[in-house]
Amino acid sequence: MYDSIKEMLLELFCAPGGPPEPPAGSHASMQVFRASPHFLRYQVLMLSIVMLLAGMVLFVVGIVLSVQEPLIGVIATVLAGGIWCLVFLSAYFVIRLEYDMRYYVVSDRSLRIRKGVWSILEQTLTFVNIQNITVEQGPIERLFGISRLVVETAGGGGA
């Protein structure tokens, strides 16, 4: 089911389904990488924490409403629960789709990164322009065995 919805959305948004074109450099040295499955698990955990907190708030509000107005409270709680489930499933789908559309293409001279479906971001970094590389890892990322690579380039002032 996921794959058919994914294909439909990629066609609807005219988004490319495969890796980006190779960056500058020798095609023999080109390698295509995907994000680690641990990254997807990390993203799902962060979503679950946010949704758990939102669910707890909705549950408390539902209890308060049920005590004051039992019929309205029950109807509001069931309706809020249904909306909560819909939001959770939609957010999971978006996270999974963003994960599937993330590509890293490396050649002997440059790195090309493509991510996104709704708004596609594609960056090409030439190794000559890289001034600093930093590896960052928080406690939850360490638990999942992932880290963030921050690349600073010359001339752009950005990372």
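Heads up: numbering here begins at 1 and tracks the sequence.
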**Q** Report yes or no: does Ser29 contribute a side-chain atom to a donor-acceptor pair with the main-chain N or O of Asp108 at less than 3.5 Å?
**A**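 A pair under 3.5 Å: yes.
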**Q** Surrounding NZ of Lys6 (heavy atoms of other residues, nucleotides or ligands, distance under 6.0 Å), is the total greater than 12?
**A**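 Buried by this count: over 12 neighbours within 6.0 Å.
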**Q** Not counting sequence neighbours, list each pair that qualifies as a ring pair (Phe, Tyr, Trp, His ring centres under 6.0 Å) and has a residue in residues 43-63.
**A**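 As it turns out, there is no ring pair (Phe, Tyr, Trp, His ring centres under 6.0 Å) pair with a partner in residues 43-63 once direct neighbours are skipped.
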**Q** I'd like to know if the side chain of Glu7 reaches the main chain of Ser4, judged simply by a donor and an acceptor atom lying under 3.5 Å from each other, with no hydrogens or angles considered.
**A**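 Checking the backbone N and O of Ser4 against the side chain of Glu7, no donor-acceptor pair under 3.5 Å is found.
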**Q** Cluster question for you: counting only ILVMFWY and a side-chain heavy-atom cut-off of under 4.5 Å, with indirect links fine, are Leu47 and Val87 together?
**A**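 Yes; tracing contacts between hydrophobic side chains, which count when under 4.5 Å, links both residues.
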**Q** Testing the basics here: between Met101 and Gly116, what is the closest heavy-atom pair and its distance to 0.1 Å?
**A**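 In terms of heavy atoms, the two residues are closest at CB-O, 3.7 Å.
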**Q** Taking Trp84 for its side chain and Met51 for its backbone only, find out whether a donor-acceptor pair lies under 3.5 Å.
**A**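 Side chain of Trp84 to backbone of Met51, a donor-acceptor pair under 3.5 Å: yes, one is there.
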**Q** Once you round to the nearest 0.5 Å, how far does CE of Met8 lie from CZ of Phe13?
**A**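 Spacing of CE (Met8) from CZ (Phe13) equals 9.0 Å.
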**Q** Taking all heavy atoms of Gly62 and all of Thr77, pick out the closest pair and write down the distance.
**A**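 Answer, listing the atom of Gly62 first, then Thr77: CA-OG1, 3.1 Å.
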**Q** Identify, with sequence neighbours excluded, every residue that meets side chain to side chain donor-acceptor pair (under 3.5 Å) alongside Glu122.
**A**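 Partners of Glu122 under the side chain to side chain donor-acceptor pair (under 3.5 Å) test: Arg114.
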**Q** Report yes or no: do Val44 and Met1 belong to one cluster of Ile/Leu/Val/Met/Phe/Trp/Tyr joined by side chain heavy-atom distances under 4.5 Å?
**A**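 Each belongs to a different hydrophobic cluster.
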**Q** Under 6.0 Å between ring centres: does that hold for Phe93 and Tyr2?
**A**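 For Phe93 and Tyr2, the ring centres are under 6.0 Å apart.
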**Q** Answer whether the closest heavy-atom distance between the side chains of Val32 and Tyr103 falls below 4.5 Å.
**A**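 Yes - at least one pair of side-chain heavy atoms lies under 4.5 Å apart.
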**Q** With side chains defined as the heavy atoms from C-beta onward, is the minimum distance between Glu141 and Ser147 less than 4.5 Å?
**A**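 Side-chain contact under 4.5 Å: no.
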**Q** Please round to the nearest 0.5 Å and tell me the distance separating atom CD1 of Ile113 and atom CG of Leu149.
**A**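 Answer for the CD1-CG pair, Ile113 versus Leu149, is 8.0 Å.
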**Q** Side-chain contact, heavy-atom cut-off 4.5 Å: Tyr99 with Pro37?
**A**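 The answer is yes, as the side chains (C-beta and beyond) meet within the 4.5 Å cut-off.
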**Q** What distance do Ile83 atom CD1 and Leu79 atom CG have between them, rounded to the nearest 0.5 Å?
**A**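 It is 4.5 Å, given to the nearest 0.5 Å.
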**Q** Measure the CG-CG distance between Leu45 and Leu52 for me, rounded to the nearest 0.5 Å.
**A**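 Atom-to-atom, Leu45:CG and Leu52:CG are 10.5 Å apart.
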**Q** Using modelled atom types and a 3.5 Å cut-off, is there a donor and acceptor pairing between side-chain atoms of Thr126 and backbone atoms of Val128?
**A**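 It does not hold such a pair.
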**Q** When hydrophobic residues are tied together by side-chain contacts of less than 4.5 Å, even through go-betweens, does Val94 share a cluster with Phe39?
**A**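 Hydrophobic grouping puts Val94 apart from Phe39.
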**Q** First locate atom CZ of Phe33, then atom CZ of Arg102, and finally report the distance between them rounded to the nearest 0.5 Å.
**A**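 One gets 15.5 Å once the value is rounded to the nearest 0.5 Å.
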**Q** Do Ile75 and Val60 share a hydrophobic cluster (ILVMFWY, side-chain heavy atoms under 4.5 Å, transitive)?
**A**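 Ile75 and Val60: separate clusters.
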**Q** For residues Ser36 and Tyr42, determine if any side-chain heavy atom of one lies less than 4.5 Å from a side-chain heavy atom of the other.
**A**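 With C-beta onward as the side chain, the pair stays apart.
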**Q** Would Val61 end up clustered with Val74 when hydrophobic side chains under 4.5 Å apart are linked, directly or stepwise?
**A**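 In one cluster: no.
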**Q** Between Ser107 and Pro23, which heavy-atom pair has the shortest distance, and what is it?
**A**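 Result for this residue pair: OG-CG, 4.0 Å.
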**Q** Has Ile140 got more than 12 heavy atoms of other residues, nucleotides or ligands less than 6.0 Å from its CD1?
**A**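 No, not enclosed.
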**Q** Give a yes or no answer on whether the side chain of Arg112 reaches the backbone of Leu125 with a donor-acceptor pair at less than 3.5 Å.
**A**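 Here the side-chain-to-backbone pair does not exist.
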**Q** Could you report the tightest heavy-atom contact between Leu65 and Ala76, atom names first, then the distance?
**A**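 Smallest interatomic distance, heavy atoms only, reads CD1-CB, 4.0 Å.
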**Q** Nearest 0.5 Å, please: how far is CD in Gln123 from OG1 in Thr153?
**A**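 That separation rounds to 9.0 Å.
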**Q** Looking at every non-hydrogen atom in both residues, tell me the closest pair between Pro16 and Leu10 and how far apart they are.
**A**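 The answer is O-CD2, 4.3 Å.
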**Q** Taking all atoms of both residues into account, what is the closest heavy-atom pair of Leu40 and Arg96, and its distance?
**A**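 Taking Leu40 first and Arg96 second, the nearest heavy atoms are CD2-CD, 3.9 Å.
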**Q** Side chains of residues 129-137: which donor-acceptor pairs under 3.5 Å do they make with residues two or more places apart or in other chains?
**A**
residue, atom, partner, partner atom, Å
Glu136, OE1, Arg148, NH1, 2.7
Gln137, NE2, Ile146, O, 2.9

